[in-house]
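Shown next, in structure tokens, is the structure this report addresses.
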Amino acid sequence: MENALLKDNPLLLPFNKNKTLYDGFITVQERDFRLRVLLPTDGQLTGARLRCCWQLKHLLQGYEHIVKQRLQQSADLVTFVLELKTVLEVCLKSCPEGHSIPPPQYYSRLISEMETLGWGRLLFIDAEFRTLRLKAEDSSGRQHVLTVKLKSKHPAEAPECSADLPVPLAMTWTPQSTLDQLHTKFMLILESLREFWDFLDQIDSNTWILEPEKPSRSDTMRRIAIGTNVSIKVELDPRHPRMLPECCLLGAEHAVTPLRNKLNANMHLWNMDASVLHNLRDVLEIEFPSPATHEKSWLRTLPSSRQSFYMVFGECPYCSKPITVKMAPPAVLRRRGSKSK
């Protein structure tokens with residue numbers, strides 16, 4: 001057995017006369033992994049214990065039960081080491097990152113960079129210290145998240161960065177760059193988009209948004225309700241949010257035509273110093289109904305709606321989702337209620 005083991009694994013050697021302790025390296029796909037095997041006095045593998053380097057332990061995560069099974073079932077150490085190397089080959093093929101496990105200095109560098117950046121800006125880091133989520137707040141108080149996926153050769157290799165933005169996230173990186181510098185560049189990008197988000201937040205707060213149902217920071221479009229079965233879709237340019245956006249009126253032709261005529265006739269009134277919502281009101285010569293007032297006004301007129309006390313139940317004419325609106329009690333009842341108090 002010893003000759004066969006030495007032939008296949010020349011770097012794994014016995015360290016005592018009883019040959020119950022083997023220590024050294026096994027080679028898989030031209031990579032050496034430190035391994036120590038402690039056998040019981042009878043030499044049986046069922047009671048054997050394994051010790052390995054952190055790289056090997058990292059690769060075998062999720063495969064521990066298979067290694068234990070192979071250890072129990074193998075007839076001798078030669079067979080087990082062969083089985084272990086087979087499992088390692090599978091691990092390396094199924095996990096491309098396994099080919100480039102970071103060296104120890106990677107972690108010390110990462111910790112140093114986080115101390116400079118500030119641990120308070122770290123929202124999440126995965127178990128492998130590869131994926132980080134960093135928080136950032138723009139000057140309007142909006143919260144943002146920068147996701148950074150580090151490479152094993154960090155900082156020599158540029159990380160992959162992503163964020164919920166309406167424009168491509170272009171981040172320059174050199175081997176001398178740091179996470180703190182990356183975060184600073186991200187903050188500058190957020191500030192360049194501040195006015196774009198300010199205008200959209202104003203629209204979201206003061207009109208009834210039909211689409212998207214749950215807007216994200218990367219969305220540039222809003223479909224705004226104007227009246228029953230009439231809406232306008234606007235597409236803002238994130239780089240030039242004050243400019244006249246792309247507009248598309250939707251609804252019945254007899255209702256849309258007057259609005260389209262006003263839009264075409266009043267385009268010259270667009271004021272670059274005013275907000276998008278203010279300009280839309282002026283150009284279309286309308287007041288956009290707020291979510292609450294718009295729901296109340298048309299929900300009661302729908303044939304499918306029903307009322308129970310001061311609650312009206314109906315169906316959205318745009319998306320057919322159920323809607324419930326609370327109505328204010330009549331003024332007479334409110335006065336009586338105040339007197340009884």
Side-chain angles (χ1 to χ4, degrees), residues 1-16 18-114 122-133 147-160 179:
M1 180 192 77
E2 183 181 346
N3 292 335
L5 183 65
L6 188 61
K7 180 181 178 181
D8 295 334
N9 306 278
L11 300 179
L12 187 63
L13 305 171
F15 267 64
N16 58 10
N18 297 330
K19 297 179 182 177
T20 57
L21 173 62
Y22 285 81
D23 200 340
F25 297 87
I26 57 173
T27 304
V28 180
Q29 294 185 4
E30 299 182 353
R31 291 186 58 191
D32 294 332
F33 298 97
R34 181 72 180 271
L35 178 68
R36 171 176 284 202
V37 183
L38 293 90
L39 300 172
T41 53
D42 59 6
Q44 298 298 313
L45 289 177
T46 52
R49 290 181 295 166
L50 301 180
R51 298 289 184 270
C52 61
C53 61
W54 65 271
Q55 293 99 329
L56 185 55
K57 188 175 182 180
H58 172 85
L59 276 174
L60 292 174
Q61 282 182 355
Y63 293 85
E64 293 91 346
H65 64 289
I66 297 178
V67 174
K68 186 176 181 180
Q69 184 185 59
R70 296 292 190 274
L71 189 63
Q72 299 292 327
Q73 296 176 353
S74 297
D76 50 46
L77 187 57
V78 176
T79 306
F80 168 70
V81 172
L82 180 61
E83 293 279 359
L84 178 61
K85 292 167 75 171
T86 302
V87 172
L88 277 173
E89 288 178 357
V90 173
C91 294
L92 290 169
K93 289 178 181 178
S94 62
C95 180
E97 289 292 334
H99 291 281
S100 54
I101 298 173
Q105 54 266 33
Y106 166 93
Y107 301 97
S108 58
R109 166 75 185 233
L110 177 58
I111 291 173
S112 175
E113 288 190 42
M114 282 308 307
L122 180 66
L123 290 174
F124 167 85
I125 187 167
D126 67 351
E128 296 180 356
F129 289 79
R130 292 290 189 93
T131 302
L132 295 81
R133 295 195 189 105
T147 300
V148 182
K149 294 185 177 180
L150 301 175
K151 302 296 179 63
S152 59
K153 294 182 181 179
H154 174 80
E157 290 182 292
E160 295 178 12
L179 292 176

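Only this structure's heavy atoms are used, side chains among them; waters, hydrogens and symmetry mates stay out. Index from 1, following the sequence.
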With a 4.5 Å limit on heavy-atom distance, are the side chains of [X] and [Y] in contact?
X: K85; Y: F33; answer: no
X: N9; Y: T27; answer: no
X: F25; Y: C53; answer: no
X: N18; Y: T41; answer: no
X: S152; Y: R130; answer: yes
X: T20; Y: L38; answer: no

Smallest separation among heavy atoms of [X] and [Y], with atom names:
X: P159; Y: L150; value: CB-CD2, 3.9 Å
X: L60; Y: C91; value: CD2-SG, 4.2 Å
X: G62; Y: E64; value: N-OE1, 2.8 Å
X: R31; Y: L92; value: NH1-CD2, 3.8 Å
X: L50; Y: V37; value: CD2-CG2, 3.8 Å
X: Y106; Y: H154; value: CE1-CB, 3.7 Å

Quick check against the 3.5 Å criterion: does E113 have a side-chain atom that pairs as donor or acceptor with the backbone of L179? yes

Exam field: side chain E83 to backbone V81, donor-acceptor pair closer than 3.5 Å: no

For M114 and L132, what are the C-alpha separation, side-chain angles and deciding distance, and is it a side-chain contact (heavy atoms from CB on, under 4.5 Å)? CA-CA 10 Å; M114 282 308 307; L132 295 81; 3.9 Å; yes

Just do the side-chain contact (heavy atoms from CB on, under 4.5 Å) check on L21 and R36 with the steps written out, would you? CA-CA 7 Å; L21 173 62; R36 171 176 284 202; 3.7 Å; yes

From [X] atom [atom1] to [Y] atom [atom2], the distance as rounded to the nearest 0.5 Å:
X: R133; Y: I125; atom1: CZ; atom2: CD1; value: 11.0 Å
X: K68; Y: Q73; atom1: NZ; atom2: CD; value: 12.5 Å
X: L12; Y: D32; atom1: CG; atom2: CG; value: 11.5 Å
X: L11; Y: R34; atom1: CG; atom2: CZ; value: 11.0 Å

Please step through side-chain contact (heavy atoms from CB on, under 4.5 Å) for the pair L35 and L84, ending with a clear verdict. CA-CA 11 Å; L35 178 68; L84 178 61; 3.9 Å; yes

For E157 and K151, what are the C-alpha separation, side-chain angles and deciding distance, and is it a salt bridge (Lys or Arg N to Asp or Glu O under 4.0 Å)? CA-CA 6 Å; E157 290 182 292; K151 302 296 179 63; 5.2 Å; no

Under the side-chain contact (heavy atoms from CB on, under 4.5 Å) rule, what do V67 and F80 come out as? Steps first, then yes or no, please. CA-CA 9 Å; V67 174; F80 168 70; 4.2 Å; yes

